[in-house]
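Below is one structure, written out as structure tokens, with a few remarks after it.
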Amino acid sequence: MRVLDTVDAMAEACRSAQRPLGLVPTMGYLHQGHLALVRRARGENAALAVSIFVNPTQFGPGEDLPTYPRDMDRDLALLKKEGADLVFAPSVGEMYPQGMNTWVEVQGLSQRLEGEYRPGHFRGVATVVAKLLNIVRPDRAYFGQKDGQQTAVVKRLVKDLNMGVDVVVVPTVREADGLAMSSRNVHLSEEERRAASVLYHALRGAKRLWEGGQHDGEMLRGAVRRVLEKEPLVGKIDYVSVADLATLEELDTATIPAMVSVAAWLGKTRLIDNVVLGADS
Ligand code: PAF
């Protein structure tokens with residue numbers, strides 16, 4: 001496994017890598033959710049590249065960039081065990097050198113849901129993903145369904161800019177009680193951690209209602225909200241959404257493909273989760 005920290009060295013290594021080449025972009029502090037992406041990519045490609053870069057431009061002022069968990073040594077040991085060929089771990093200065101002044105914005109999609117609460121977030125995500133795809137030029141790039149809106153934004157970006165990369169979306173990996181794996185879960189207190197599975201239970205409840213024939217978007221959103229509100233440790237609920245999977249437009253009638261998603265606070269930690277109607281995840 002080679003670890004590269006400059007754009008030129010990574011681009012050169014990728015040019016001589018075997019094909020097909022898969023890329024798993026991450027911000028590190030790897031958990032089982034990331035490893036599911038890595039294993040899927042390892043199985044489907046002759047060569048595997050993983051990037052580890054905590055991208056400052058996707059964090060807003062006052063967000064958790066300074067406390068975002070990091071453990072490069074552990075990440076590299078895990079990736080070596082999983083058989084990664086190339087790891088790209090650039091510095092902030094390498095990715096955003098003085099004078100860099102081009103930004104990628106997927107309009108519309110980026111302003112909904114997370115975009116309303118985290119303005120500029122998807123501009124940062126789209127820009128860094130475009131840069132990573134241009135540096136690595138993979139055949140396939142892997143993203144988790146856990147960040148459902150991000151997958152919609154990345155698919156749109158790749159299509160709109162004719163990037164010719166296959167975007168592969170991997171189902172959410174969950175803890176035994178249903179909590180979606182996330183690097184931010186480490187910030188939950190013991191009590192909050194116990195309460196946090198309510199997000200998944202609320203979403204599962206809506207999915208069961210939908211499977212039982214309740215397709216009214218407002219009824220489904222209400223059902224999710226009621227379950228969340230019963231949990232005393234859930235603070236502010238930023239949104240409950242039943243939206244088209246690709247456009248993220250809110251649906252009056254939930255026809256597939258649709259995504260039920262939530263963002264809610266447990267103490268100082270903001271959690272997001274989603275389920276896709278008519279699919280396993
Ligand atoms: O999902 C993430 O970890 C990040 O948003 C990504 C795709 C690596 C871009 O920084």
Side-chain angles (χ1 to χ4, degrees), residues 5 7 10 22-38 40-41 48-60 63-72 74-75 78-79 84 86-96 100 103-106 109-110 113-115 117-136 138 140-158 161 163 165-173 180-187 248 259 261 263 270-274 281:
D5 61 5
V7 169
M10 183 64 182
L23 169 67
V24 181
T26 81
M27 297 207 299
Y29 209 70
L30 305 179
H31 52 62
Q32 290 300 320
H34 296 112
L35 296 186
L37 305 181
V38 167
R40 173 89 178 262
L48 169 61
V50 179
S51 62
I52 299 177
F53 178 63
V54 181
N55 175 35
T57 65
Q58 67 189 73
F59 290 79
E63 285 190 0
D64 59 348
L65 175 62
T67 56
Y68 196 85
R70 299 163 201 241
D71 192 341
M72 185 60 82
R74 183 174 160 274
D75 288 349
L78 284 169
L79 292 175
L86 302 170
V87 177
F88 183 43
S91 65
V92 172
E94 183 68 15
M95 288 299 274
Y96 297 104
M100 180 243 120
W103 299 93
V104 181
E105 179 131 14
V106 179
L109 276 183
S110 298
L113 304 175
E114 286 299 288
Y117 295 88
R118 305 185 66 191
H121 171 66
F122 287 114
R123 179 192 197 238
V125 170
T127 302
V128 83
V129 169
K131 284 168 75 72
L132 291 167
L133 294 178
N134 282 339
I135 295 162
V136 174
R140 302 188 182 97
Y142 294 78
F143 297 86
Q145 177 56 41
K146 157 77 172 41
D147 296 303
Q149 184 170 6
Q150 174 170 278
T151 64
V153 168
V154 170
K155 279 184 176 172
R156 190 77 249 171
L157 157 78
V158 163
L161 296 186
M163 298 182 93
V165 179
D166 226 351
V167 176
V168 181
V169 179
V170 178
T172 304
V173 179
M181 300 235 178
S182 161
S183 306
R184 290 190 169 100
N185 292 349
V186 294
H187 297 312
L248 301 179
M259 176 170 80
S261 61
R270 185 174 183 275
L271 298 178
I272 60 169
D273 198 357
N274 69 79
S281 70

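Start at 1 and go down the list; that is how both ligands and their atoms are numbered.
In this structure, the protein non-hydrogen atom closest to atom 3 (O) of ligand 1 is Met27 CG, 3.6 Å. Atom 9 (C) of ligand 1 has its closest protein heavy atom at Gln58 OE1, 3.3 Å.
Atoms of ligand 1 found under 4.0 Å from any heavy atom of Gln150 (numbered from 1 in listed order, with element): 1 (O), 2 (C), 4 (C), 5 (O), 7 (C). Listed by number with element, the atoms of ligand 1 under 4.0 Å from a non-hydrogen atom of Pro25 are 8 (C). Every atom of ligand 1 with a heavy atom of Val128 under 4.0 Å away is listed here by number and element: 9 (C), 10 (O).
Shortest non-hydrogen contact noted between Ser110 and Phe122 is OG-CB, 3.4 Å. Between Ser51 and Leu23, the shortest heavy-atom distance links the atoms N-CD1, 4.1 Å. The two atoms that bring Ala126 and Val104 nearest to each other are CB-O, 3.6 Å, heavy atoms only.
Aromatic ring centres of Phe59 and Tyr68 lie closer together than 6.0 Å.
One side chain, Tyr96 or Asn55, offers a donor N or O that lies under 3.5 Å from an acceptor on the other.
Close N/O approach between Thr26 and ligand 1 is not found [any backbone or side-chain N/O within under 3.5 Å].
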